[in-house]
Number of protein chains: 2
Amino acid sequence: MGASARRGPYFCGIDAAMDVVAGKWKSLILWELHQHGTRRFAELRRGLPGVSEKMLIQHLREMEEDGLVHREVYHQVPPKVEYSLTEDGVSLNAALAPLGEWGTERMRRIGAGRVLVDGAAATGR
Amino acid sequence: MGASARRGPYFCGIDAAMDVVAGKWKSLILWELHQHGTRRFAELRRGLPGVSEKMLIQHLREMEEDGLVHREVYHQVPPKVEYSLTEDGVSLNAALAPLGEWGTERMRRIGAGRVLVDGAAATGR
DNA sequence: CAGGATCCGCCAAGATACTG
DNA sequence: CAGTATCTTGGCGGATCCTG
């Protein structure tokens with residue numbers, strides 16, 4: 001098995017949600033896919049500066065198993081794979097919004113921010 | 001020193017917030033303190049079945065450094081220390097609520113839950 | 001009662017090289 | 001282009017013993 005997920009038992013809803021978003025890049029992947037609707041592997045890599053191929057594919061696979069991400073494979077040469085959010089992924093992203101606003105406000109106060117993509121800070125994420 | 005916090009730079013608000021709630025028990029500590037208003041060390045231990053003294057004190061110290069938790073020491077014998085949430089802690093807890101509801105709904109669907117304290121599930125957390 | 005100090009296992013995550 | 005396969009490591013979290 002490739003996934004590292006616990007998938008329960010959980011103490012509470014937050015515990016369950018954290019299990020699914022835990023991972024250095026998962027919330028960023030969620031955000032990228034939400035912004036662009038659908039993205040190819042290489043596009044995601046470029047959108048997430050610093051991520052390795054291994055971690056990206058690993059996180060994507062786990063999120064697919066968790067039903068957050070849809071993976072569409074086009075059997076052609078050269079290969080093409082498109083990733084997008086499922087309904088669960090979209091709702092999770094929405095549930096993450098208040099947390100993002102809290103963090104943004106905190107960053108503003110303690111002055112520890114770094115804008116990844118233009119507009120990321122402005123949107124409250 | 002002692003804390004493991006990155007404290008930036010962050011890519012986005014979620015990143016900053018996750019840095020502060022990351023840790024196996026932090027969201028549960030937040031929840032416990034929010035429910036009871038103020039708790040002593042031993043009370044927290046009993047409220048978080050499975051936590052070790054080391055991890056509890058470590059998480060509490062980090063959360064204090066992060067300005068989420070207030071630590072009130074009573075200089076007496078035997079010692080007495082009371083923990084409570086700061087305003088930041090309260091607002092973080094509120095920002096976590098939607099995520100908790102998302103997770104609760106998910107647990108209901110995949111059937112991987114375990115109620116920690118009576119009422120925890122009923123409250124949507 | 002409320003910690004402090006240590007030792008250790010495990011696994012997420014990084015680096016590197018190779019493939020259909 | 002979109003992965004796979006290994007090796008390595010930092011540090012989170014568990015266990016155990018000790019102290020003001």
Side-chain angles (χ1 to χ4, degrees), chain A residues 1-7 9-11 15 18-29 32-33 36 38-66 69-84, chain B residues 1-7 10-11 15 18-29 32-33 38-66 69-84:
Chain A
M1 305 297 298
S4 61
R6 297 208 332 259
R7 256 176 276 283
Y10 303 118
F11 289 132
D15 203 9
M18 293 293 282
D19 186 27
V20 138
V21 279
K24 200 170 180 179
W25 306 93
K26 289 192 179 176
S27 63
L28 260 8
I29 291 173
E32 269 287 303
L33 290 179
H36 299 92
T38 175
R39 296 247 93 177
R40 298 185 57 175
F41 186 80
E43 291 175 331
L44 279 172
R45 271 209 79 180
R46 281 190 292 273
L48 273 30
V51 73
S52 68
E53 290 189 351
K54 175 194 159 187
M55 290 315 300
L56 181 54
I57 189 64
Q58 184 175 306
H59 282 165
L60 282 170
R61 286 284 150 85
E62 289 177 12
M63 293 169 80
E64 189 190 359
E65 269 192 53
D66 290 335
V69 162
H70 174 68
R71 182 166 177 265
E72 187 75 37
V73 183
Y74 297 86
H75 295 282
Q76 53 188 39
V77 181
K80 175 181 174 183
V81 180
E82 285 185 342
Y83 295 90
S84 56
Chain B
M1 295 296 303
S4 61
R6 297 207 331 261
R7 255 175 277 283
Y10 303 119
F11 289 132
D15 203 9
M18 292 294 281
D19 186 26
V20 138
V21 279
K24 199 170 181 178
W25 307 94
K26 288 192 180 177
S27 63
L28 260 7
I29 291 174
E32 269 286 303
L33 291 179
T38 175
R39 296 247 94 177
R40 297 185 57 174
F41 186 79
E43 292 175 331
L44 279 173
R45 272 209 78 179
R46 281 190 292 272
L48 272 32
V51 73
S52 68
E53 291 188 352
K54 174 194 160 186
M55 291 316 300
L56 181 54
I57 190 64
Q58 184 176 305
H59 283 164
L60 282 170
R61 285 285 149 86
E62 290 177 11
M63 293 169 80
E64 188 190 359
E65 270 192 52
D66 289 335
V69 161
H70 174 69
R71 182 165 177 266
E72 187 76 36
V73 183
Y74 297 86
H75 296 282
Q76 54 188 40
V77 181
K80 175 182 175 183
V81 179
E82 284 186 341
Y83 294 91
S84 56

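Proteins come first, then strands; the chains are lettered A, B, ... in the order of their sequence lines, and each starts at number 1.
Contact annotation: A:Arg61 reaches the phosphate of D:dT4 (side-chain N/O to OP1 or OP2, under 4.0 Å). Here B:Arg40 reaches the OP1 or OP2 of C:dA2: one of its side-chain N or O atoms lies under 4.0 Å away. Contact check, B:Arg71 against C:dG3: a side-chain N or O comes under 4.0 Å of OP1 or OP2. For B:Trp25, a side-chain nitrogen or oxygen approaches OP1 or OP2 of D:dG14 to under 4.0 Å. Within the structure, a side-chain polar atom (N or O) of A:His59 is placed less than 4.0 Å from OP1 or OP2 of C:dA13.
With rounding to whole Å, A:Met18 atom CE is found 15 Å from C:dA12 atom P. A:Ile29 places its CD1 atom 13 Å from the C1' atom of C:dA13, with the value rounded to the nearest Å. Distance, A:Ile57 CD1 to D:dG3 P: 4 Å, rounded to whole Å.
Heavy atoms of A:Tyr74 sit nowhere under 4.0 angstrom from any nucleic acid atom. B:Arg45 comes within contact range of no nucleotide atom at all, as no heavy-atom separation falls under 4.0 Å.
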Contact pattern, 5' to 3', of nucleotides 15-20 of chain D - B, S or - by protein heavy atom under 4.0 Å:
B----B
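With hydrogens and angles ignored, the 3.5 Å screen pairs no side-chain donor or acceptor of A:Glu32 with any backbone N or O of A:Ile29.
If you check the side chains of A:Arg71 and A:Tyr83, you find a donor sitting under 3.5 Å from an acceptor.
Between C:dC1, C:dA2, D:dG13, one nucleotide has an atom nearer to the side chain of B:Pro78 than all others, and that is C:dC1.
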